[in-house]
Amino acid sequence: MSAQHYLLRNRDVEGIDRIEVYEANRGYAALRQALKDYQPDELVAMVKKSGLRGRGGAGFPTGMKWGFLPNDGRSRYLVVNSDEAEPGTFKDRELIEENPHQLVEGIIISSYATRASEAYIYCRGEFLRGAEQLKRAVKEAYDHGYLGKNILGTDYSLELKVYRGAGAYICGEESALLESLEGKRGNPRLKPPFPAVAGLYGGPTVVNNVETICNLPPLVTYGPEWYTSMGTEKSPGLKIMSVSGAVKRPGNYEIPLATPLRTLIEEYAGGMLPGRTVKAVIPGGSSVPLLMPDQLDTPLDYESVVKAGSMLGSGGCIVLDDRVCMVGATARLVKFYREESCGKCTPCREGTYWMTDVLERIEYGQGQLSDLDLLADVADNIAGKCFCPLGDASLGVLVSALKHFRHEFEAHVADHGCPMGARLYDTVNH
Amino acid sequence: MIRLTIDGQEVTVPQGTMIVDAAAKLGVDVPIYCYHQALGPLGACRMCLVEVEKMPKLATACTTAVSEGMVVRTSGPAVDKGRRGVLEFLLINHPLDCPVCDKGGECFLQDYTFEYGPGGGRFQEPKIEKVKDGPINPFVLIDQERCVLCQRCVRFMREYVGEEQLLLEGRGVETVVTTVEHEPATSQFTGNVIDLCPVGALLSAPYHHKGRPWNIEREESVCPHCPVGCTSKITAREGHVIRMEGRPIPDREWGWLCDRGRFGYDFGYHPDRLATSIVKGKENTAAQATRQVAEWLKTVVDQEGGRGVGFIIGGGHTTEEAYQLRRFAAEVIGTDQLAISRTEAGYLPRGLNGTFDDVKQADTVVLLGSDPYDTVPVVHLKLRDRLLHYPALRVIGLGPLPLTRDTLPGLDVLVPPGQESLALALAMAAQWPQNSDVQTLVGSLKEFELQGVTAQTLVQLGQYLQGAEHLVLLWDGKEPEMAMVLGVLARLREKPTAVLPTFGPANWRGYEHAGFSPRFEDLTAVLEKARDGEIKILMVFGADLLREYPNRQLVESAFNQVEYLVVEGILPPQGAQHVDALLPGAAWAEVYGTYINMEARLQVAMAGVQPPGQARPIKTYVNTWARMLMKPLNWDEEWDPFDDDSGDLLPFEPVPDHVVALAMPPEAVGPMTLVTGAFIWESGQPSEILVPRVPQFPGRINPAEVKDMGLSTKRGHIMVSQGSESIVVAVTADPQVPKGILWVPQGLFGTNHLIEGTVTISGVTEEVTV
Amino acid sequence: MKPEWKAWAQEAKNEFPRANSALMPLMHRIQLSEGWLSNETIRDVAELMELPVQYVESVASFYSLFHRQAVGKRVIHVCVGLSCALKGSDELMHALEERLGIKEGQTTEDGAYTLLEAECLAACDKAPMVQVNLRYEGPVRPEDAERLLSEEVPS
Ligand SMILES: Cc1cc2nc3c(=O)[nH]c(=O)nc-3n(C[C@H](O)[C@H](O)[C@H](O)COP(=O)(O)O)c2cc1C
Ligand code: SF4
Ligand code: FES
């Protein structure tokens with residue numbers, strides 16, 4: 001367990017959401033240092049060297065992403081993705097609600113590094129408090145000369161604005177986010193062109209996750225070597241894992257990457273609730289396949305989790321215990337994707353609807369054995385055929401549940417109902 | 001150029017081409033719903049999955065651009081399964097009601113399901129219920145349950161037409177296409193979504209439940225209502241035209257129609273349609289009526305010679321019919337008193353006539369008195385298309401009222417009515433002051449000052465005229481001198497300069513090609529000769545002169561004076577009491593023939609139905625008369641309107657280079673000027689289907705003037721007077737219209753009782769519907 | 001149209017001058033004061049933004065937080081995401097339904113409450129999670145339903 005927090009410093013410092021406290025605790029020192037000691041390109045090089053990877057889900061190397069911006073003189077945008085809505089993930093909310101200045105500082109450093117002259121935080125509509133905290137922090141930062149014209153007396157200027165979404169998970173997908181930020185329906189865009197070339201308002205744009213950007217202040221303060229001293233070669237540094245489910249202490253935990261899943265559950269999260277055992281773990285948000293109890297020693301780094309058959313994703317770790325009905329749990333997750341499909345492409349729109357209905361039918365005891373193959377085949381017809389990754393995301397848990405817990409599905413069919421008696425499903429309007 | 005292989009065949013296409021279009025070039029059909037070449041890629045339906053070597057997943061052929069050496073397979077186990085899957089998805093919430101669907105038999109969902117789809121259904125869950133047969137407007141119905149959400153309709157209206165009247169509402173599987181709060185869509189182009197819809201979601205209301213693929217016949221045709229002559233297909237059933245669709249022509253036409261054209265096909269079944277001959281007010285047999293007319297012709301020709309007979313053609317006749325009539329007039333009657341019914345005085349020499357290809361290349365468009373949205377709607381769409389491909393398109397309106405629009409933005413130069421040619425000439429004089437032709441043109445305008453137009457504007461206009469790489473001018477044909485000014489401009493510019501005439505009648509070029517004089521002076525001369533007693537028998541074919549000719553008094557005195565007035569047509573003309581013999585004619589879709597459109601392009605329209613009752617084509621009439629007059633016509637050698645060298649365009653003719661000075665305009669006198677113009681809803685034959693869409697208050701006037709008359713509403717009736725004549729016009733207050741201008745569609749409200757120019761107006765107390 | 005909306009529209013446009021970026025901020029602000037977006041409001045917003053009504057309606061209908069039907073004074077969102085469901089959000093929803101005498105998606109007759117389900121609210125550590133007028137409250141166990149309803153309306 002790390003004694004000291006780097007990203008979740010709000011855990012250590014009371015009132016750090018206020019600028020005075022933040023400043024008193026080395027706040028904005030990294031920014032001063034960045035502006036004073038580094039040219040933008042040097043910062044990009046530093047981020048490349050640190051090996052920092054995007055924490056929004058895909059784990060794409062951040063320095064490399066910044067390097068894609070074309071050098072064509074157009075003004076650039078940095079957009080911070082704070083649309084966190086992947087079931088099981090709740091790290092960004094804590095970061096913006098409890099320590100907004102850290103994000104603001106990270107944004108200013110990142111914007112300086114990418115030579116962006118305007119930055120936006122796209123904040124999930126449900127995050128009313130988060131948006132208020134951010135707006136207040138942004139205003140304080142302006143008042144203290146960290147934003148606006150000639151930041152800290154340098155010739156670097158930046159405008160930062162907070163924009164609220166209005167309830168649509170798909171707007172976490174970067175191109176849908178940009179559409180939404182332009183005041184449109186949140187449908188994903190055709191790529192290419194990628195945001196780096198034609199993003200917000202058609203200009204070159206970097207989209208990064210909140211947590212990704214929050215890494216910048218400590219990175220500048222402690223240097224890339226500090227960062228690479230943690231984790232693995234390909235997955236260096238720190239990651240916040242959101243743990244929920246049947247553990248004693250659900251919550252966010254800052255871990256060095258490659259910390260074993262078991263450590264996360266047993267030490268950080270305090271172990272399982274009394275009398276419960278692990279049935280399966282969704283390690284990286286609702287779209288990734290299950291890890292089984294015999295995989296608890298999997299190190300939580302991008303490569304190892306992939307090797308174990310899943311993905312680290314956004315770090316939303318849902319621990320399912322022996323009392324959970326896998327059919328009900330799967331149905332619940334697939335229904336989420338049905339509710340949140342934007343409706344643009346056929347397989348995602350219709351497929352998630354179909355799968356949800358079939359899963360609910362099985363859960364309610366009206367399933368047939370053939371439904372299991374049907375689900376697998378419908379999933380196959382969605383896989384890799386959708387406009388954006390949301391369709392595939394709906395399959396992660398389903399496909400692995402069908403693989404590891406087929407007997408549970410079969411039992412539902414045989415018993416004409418849920419053998420666990422789990423009432424996981426009752427709110428659905430039947 | 002990029003070379004790639006599709007299904008083992010090599011093909012070379014320009015960079016940026018999508019796989020689907022490259023495949024089409026090879027005749028390889030990739031199934032699509034959401035993609036449409038005019039709208040560009042969307043990638044929503046996922047129907048067009050193909051396999052591309054080295055790509056890990058199936059690719060959508062509509063969004064994947066070709067690359068050098070690419071190897072594409074449009075079938076195979078993975079592709080087939082992918083397609084089957086997508087089709088199955090599209091069908092799960094589809095009501096599967098093909099037997100009662102108008103699109104049954106002409107539906108992509110049916111076709112593809114048959115070709116690639118799953119054998120049986122595996123979906124057992126309840127389907128989502130949505131709106132069925134909901135109205136988009138009086139002409140277009142939507143069945144949301146059949147919709148595959150390809151967004152073609154929404155994108156067409158929003159991106160292509162620029163009138164966002166259809167929308168996606170909701171999200172995910174609940175998404176529907178609808179109109180806002182069920183307000184009817186008012187755009188001129190809504191019907192195109194019926195053709196665009198690949199399934200049975202958007203339907204034609206007038207065609208609803210009228211036909212099935214096995215009991216209809218489709219024929220290629222051309223829309224007869226305006227000079228665009230859009231390529232179309234008619235659907236006929238049991239002797240009636242029951243539908244009109246657009247007909248795309250590869251690389252030339254997308255097949256768009258305006259709503260006026262698409263839904264106005266029912267004029268042949270108008271309750272007033274002539275189906276019997278009427279002689280001296282009494283119904284008669286066809287044989288007797290024809291004989292009677294032959295006798296009159298014989299009497300007049302015997303007494304006066306052939307020149308005692310005048311022929312005027314108008315309406316929707318084909319070029320061939322005009323030719324037959326012209327030969328009858330020349331060879332049997334022996335007269336050269338032939339004219340075309342015209343409303344405008346201008347004539348465009350063939351040599352200046354551009355084509356729609358010019359629109360596709362234009363960088364500058366000048367609208368001379370004509371707003372294409374109202375006069376030639378599909379040309380407005382063609383300009384939109386150009387604007388989408390070339391956003392820098394410069395549009396300039398030149399006329400008494402603004403001619404650009406939100407959907408076609410540009411600069412408007414407002415000039416007093418009747419002074420467009422002067423404005424153009426003055427702009428040319430600013431740009432080419434040394435040119436002798438220009439000097440001649442403006443020679444007598446030294447003292448003249450164009451009202452409301454600054455010298456600076458003229459200089460700017462001149463620069464635009466010279467700077468344009470490819471100049472297209474749309475001309476309303478009102479000012480005859482314009483042709484001469486345009487001729488000078490074309491010679492000066494030495495770069496492509498193309499004029500598109502927006503005036504009618506739709507087939508005037510065809511009548512000209514057949515040998516009728518297109519000149520307005522000749523029409524006036526025929527009418528004057530009739531008035532003066534030189535012409536004893538006036539033979540009018542398809543024209544409604546009392547409505548069309550701008551000076552009604554002349555027509556009335558001609559009608560009063562002639563001994564015999566013979567009118568052929570499909571509907572009774574105005575002033576039927578003057579007509580001695582009224583002969584029912586065959587209408588569009590009832591005769592095969594060619595029409596020549598505003599590009600001077602010949603296009604063939606097939607016949608799909610028989611004329612009703614006694615109605616018959618011109619050829620039958622002239623043959624009978626010729627036989628009765630003992631001079632049978634010899635049709636051995638069928639006339640071919642197409643030219644061997646120029647194909648479907650009329651042969652080019654040099655532009656006359658005769659230049660004279662433009663006259664000083666008369667001093668403006670009154671505070672209110674009447675201006676008339678073409679208006680698509682009033683062009684061509686009246687349609688009953690269209691009645692709910694035809695604007696009831698089509699006149700336009702500045703709101704301030706309405707207020708001055710004490711009319712509080714936005715619409716109302718006003719009395720318009722000139723000398724002893726007055727008419728009542730239904731107007732809408734329109735802030736776009738400058739003060740002092742009253743605009744009225746040609747042919748409506750009896751405007752031709754008045755001469756365009758100064759009028760006085762006053763409010764009418766009569767109750768007004770709003 | 002309320003007189004102040006014009007100023008709000010202007011402020012939104014000043015802050016987000018490009019594309020239609022001012023649209024959602026304006027709708028948020030109006031909804032905050034009106035509770036929901038009626039057809040008339042959508043028309044007014046369209047006018048203020050100089051956008052087609054169709055466009056505004058289409059955008060508004062995409063986002064689940066824009067209410068196109070009247071809602072109660074307190075809008076209760078019960079998270080039904082997996083983590084909350086594991087902790088009894090279904091039972092909580094039932095308890096609220098019973099207590100309020102309405103079903104999910106409905107508004108009480110007196111216009112006091114609207115009960116809605118929410119997808120994962122990103123607060124799974126405090127499951128079952130509820131939002132009252134978008135203010136987080138959690139965990140709210142089924143037996144806490146009564147307490148939730150008796151609390152002051154958060155501003
Ligand atoms: C359906 C979908 C939802 C997503 N939601 C989020 C999200 O809520 N937050 C986020 O940071 N990234 C999300 N992403 C990933 C973003 O598209 C994008 O990759 C990310 O914001 C990039 O930031 P990073 O490189 O810093 O990770 C989502 C992607 C998809 C396909
Ligand atoms: S633009 Fe003219 S020719 Fe084309 S459909 Fe409309 S009326 Fe017919
Ligand atoms: S035609 Fe390619 S996705 Fe629709």
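Values in this document were obtained by computation on a predicted structure and should not be read as measured data. Numbers restart at 1 for each chain; the letters A, B, ... are given by sequence-line order, proteins then strands.
Electrostatic pairing of Glu117(C) and Lys335(A) counts as a salt bridge here, judged by a charged N lying under 4.0 Å from a carboxylate O. Looking at Glu132(A) and Arg135(C), a side-chain N of the basic residue comes within less than 4.0 Å of a carboxylate O on the acidic one, giving a salt bridge. At a threshold of 4.0 Å, the pair Glu118(A)-Arg18(C) counts as salt-bridged, since one of the basic side-chain nitrogens sits closer than that to a carboxylate oxygen.
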Output, in order, the C-alpha distance, side-chain angles, deciding distance and verdict of side chain to side chain contact (heavy atoms under 4.5 Å, CB included) for Glu97(A) and Tyr136(C). CA-CA 12 Å; Glu97(A) 285 186 355; Tyr136(C) 280 94; 4.2 Å; yes
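Proximity to chain C (any heavy atom under 4.5 Å) is shown, for Val397(A), by neither the backbone nor the side chain. For Ile282(A), the part lying under 4.5 angstrom from a heavy atom of chain C is the side chain only. Looking at Thr89(A), the atoms closer than 4.5 Å to chain C (heavy atoms on both sides) all sit in the backbone: N, CA, C or O. In this structure, no portion of Tyr169(A) lies under 4.5 Å from any heavy atom of chain C. Within the 4.5 angstrom heavy-atom criterion, atoms from both the backbone and the side chain of Ser180(A) approach chain C. Using a 4.5 Å cut-off between heavy atoms, Cys171(A) touches chain C through its side chain atoms alone. Only the side chain of Glu340(A) has a heavy atom closer than 4.5 Å to any heavy atom of chain C. Heavy atoms closer than 4.5 Å to chain C are found in the side chain of Glu339(A), but not in its backbone.
Between the side chain of Arg332(A) and the main chain of Val80(C), a donor-acceptor pair closer than 3.5 Å is present. In this structure, the side chain of Arg93(A) engages the main chain of Ala122(C) through a donor-acceptor pair within 3.5 Å. Judged by distance alone, the side chain of Lys161(A) and the main-chain N or O of Glu15(C) form a donor-acceptor pair under 3.5 Å. Of the possible polar contacts, none joining the Glu126(A) side chain to the Leu134(C) backbone as a donor-acceptor pair under 3.5 Å is found.
Expressed to the nearest 0.5 Å, how far NZ of Lys184(A) lies from CG of Asn20(C) amounts to 7.5 Å.
Of the listed residues (Tyr201(A), Phe336(A), Tyr120(A), Phe127(A)), the greatest number of heavy-atom pairs within a distance under 4.5 Å of chain C belongs to Tyr201(A).
Side-chain contact between Ser83(C) and Ile318(A) is present, with at least one heavy-atom pair separated by less than 4.5 Å.
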